[in-house]
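One structure below.
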Amino acid sequence: MKKIAVISGASSGMGREAVHVTAGSLRSIDEIWVIARRRERLRELADAYPGKIRTFAGDLIDLSFIETIAEAALEERVRVCLLVNAAGFGKLGTEGQIPGKETEEMIDLNCRALTVLTEKLLPLCGAKTRIINFASSAAFLPQPGFAVYAATKAYVLSYSYALRKELSSRGISVTAVCPGPVDTEFFPLAEENAGTPWYKKLFMVKAEDVVAKAFRDAFAGRAVSVYGLPMNSFRLLCKALPWNLILNYYTS
């Protein structure tokens with residue numbers, strides 16, 4: 001049975017870095033199925049790893065596209081050994097600044113598509129399969145000016161915790177990755193309606209560092225992966241103090 005990895009959001013950022021890590025270090029994986037909208041970016045990955053990459057170009061918001069991927073996996077009777085849900089986007093701005101269509105698409109991609117893709121592929125997962133869901137440190141606290149994005153990532157974190165418990169009897173491990181600001185194409189796209197706060201730029205880190213730690217934590221069986229002292233401290237702060245107190249300071 002062919003052993004595969006499935007990686008969404010593979011055209012850039014942490015999804016693309018996950019492809020490099022998988023191709024470079026997971027020798028047991030026969031094929032990497034990469035998913036993204038930008039066909040040319042996927043071709044670059046296929047050229048970089050001849051014979052290792054299978055590309056699926058399309059928009060995960062379209063549930064029929066997810067069905068196409070699932071049907072291909074079922075027809076080929078593959079074993080999904082690694083699933084990386086890295087597709088997602090965010091838009092900065094307060095209520096009314098972000099167009100309604102973009103808000104809907106944030107929810108659809110960050111929450112619905114991640115859930116549907118995961119559940120479609122779960123029957124093909126087995127013991128020792130690792131599922132890596134990219135959430136965000138924004139999941140730890142509601143964020144005015146980033147409200148919908150933070151809420152979608154809180155969903156990813158909660159879903160990952162619950163799914164991890166449900167799948168433990170099958171030997172499948174789920175890890176939620178919760179980085180702070182990462183130096184990718186994310187923020188230039190997020191800033192169409194409002195600018196990035198200075199403190200987010202202050203704590204910007206490299207995608208390769210976040211992904212390397214995410215893989216280490218996932219294969220160590222950890223529930224959550226948080227890169228760096230600042231974001232780990234932020235996580236503890238959000239656990240220790242009432243959200244109202246933090247938000248009063250946050251918005252003052």
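Just so it is clear, the values below take in all heavy atoms, side chains as well, and ignore hydrogens, waters and symmetry mates.
- Residues Phe140 and Lys239 are not in side-chain contact: their nearest non-hydrogen atoms beyond the backbone lie 4.5 Å or more apart.
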Ile32 and Leu45: CA distance, side-chain angles, deciding distance, side chain to side chain contact (heavy atoms under 4.5 Å, CB included) verdict: CA-CA 10 Å; Ile32 306 171; Leu45 288 171; over 6 Å; no
For Leu122 and Leu163: C-alpha separation, side-chain torsions, deciding distance, then whether side chain to side chain contact (heavy atoms under 4.5 Å, CB included) applies. CA-CA 11 Å; Leu122 275 176; Leu163 191 64; 4.2 Å; yes
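- Inter-residue side-chain proximity for Lys153 and Asn110 is flagged as met; some heavy-atom pair is nearer than 4.5 Å.
- In this structure, the side chain of Arg130 engages the main chain of Lys128 through a donor-acceptor pair within 3.5 Å.
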Given the rule in the side chain to side chain contact (heavy atoms under 4.5 Å, CB included) test, do Val148 and Lys91 qualify, once you have shown the distances and angles that lead to the verdict? CA-CA 8 Å; Val148 174; Lys91 291 291 182 179; over 6 Å; no
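- Taking both residues in full, the closest heavy atoms of Leu60 and Ser8 are given as CD1-CB, 3.8 Å, listed atom of the first, atom of the second, then distance.
- Under the 3.5 Å distance criterion, the side-chain polar atoms of Arg170 are matched with a main-chain donor or acceptor of Cys125.
- Side chain of Ser158 to main chain of Tyr155: no donor-acceptor pair is present (N/O by atom type, distance under 3.5 Å, no hydrogens or angles).
- Among residues two or more places apart in sequence or in another chain, the side chain to side chain contact (heavy atoms under 4.5 Å, CB included) test is passed with Ser233 by Leu229.
- Inter-residue side-chain proximity for Phe56 and Leu42 is flagged as unmet; no heavy-atom pair is nearer than 4.5 Å.
- The closest donor-acceptor contact from the side chain of Ser137 to the backbone of Pro179 lies under 3.5 Å.
- Within 6.0 Å of NZ in Lys206 there are 12 or fewer heavy atoms belonging to other residues, nucleotides or ligands.
- Considering every non-hydrogen atom in both Leu82 and Thr129, the closest pair reads N-CG2, 4.4 Å.
- The shortest heavy-atom contact between Ala36 and Ala10 is CB-N, 4.0 Å.
- The only member of Val174, Asn85, Val177 that meets side chain to side chain contact (heavy atoms under 4.5 Å, CB included) when paired with Ile132 is Val177.
- Put simply, the side chain of Phe89 reaches to within 4.5 Å of the side chain of Met106, judged on heavy atoms.
- Residues Leu124 and Ile4 have side chains not in contact (no heavy-atom distance under 4.5 Å, counting atoms from C-beta outward).
- Rounding to the nearest 0.5 Å gives a distance of 11.0 Å between CG of Asp62 and CD of Glu67.
- The 12-atom threshold is not exceeded at NZ of Lys120, counting heavy atoms of other residues, nucleotides or ligands nearer than 6.0 Å.
- With hydrogens and angles ignored, the 3.5 Å screen pairs no side-chain donor or acceptor of Asp59 with any backbone N or O of Arg37.
- Residue pairs satisfying the salt bridge (charged side-chain N to carboxylate O under 4.0 Å, His left out) criterion with at least one member in residues 215-225, sequence neighbours excluded, are listed as follows: Lys213-Asp217, Asp217-Arg222.
- Within 6.0 Å of the CD atom in Glu95, the count of heavy atoms belonging to other residues, nucleotides or ligands does not exceed 12.
- Residues Leu247 and Pro142 approach most closely at CD2-O, 3.2 Å, considering heavy atoms.
- In the model, Arg16 has no side-chain atom that pairs as donor or acceptor with a side-chain atom of Ser11 under 3.5 Å.
- Checking Thr118 against Tyr159 by side-chain atom types alone, no donor-acceptor pair falls below 3.5 Å.
- You'll find the side chain of Ser64 stays beyond 4.5 Å of the side chain of Thr68, heavy atoms only.
- Remark: side-chain polar atoms of Asn133 are not paired, donor with acceptor, to backbone N or O of Ala176 under 3.5 angstrom.
- Residues Val211 and Phe134 have side chains in contact (heavy-atom distance under 4.5 Å, counting atoms from C-beta outward).
- Closest non-hydrogen pair, Val224 versus Tyr161, comes out as CG2-OH, 3.1 Å.
- The two residues Leu109 and Ala87 have their closest heavy-atom pair at CD1-CB, 4.2 Å.
- Within a 6.0 Å sphere centred on CZ of Arg39, other residues, nucleotides and ligands contribute 12 heavy atoms or fewer.
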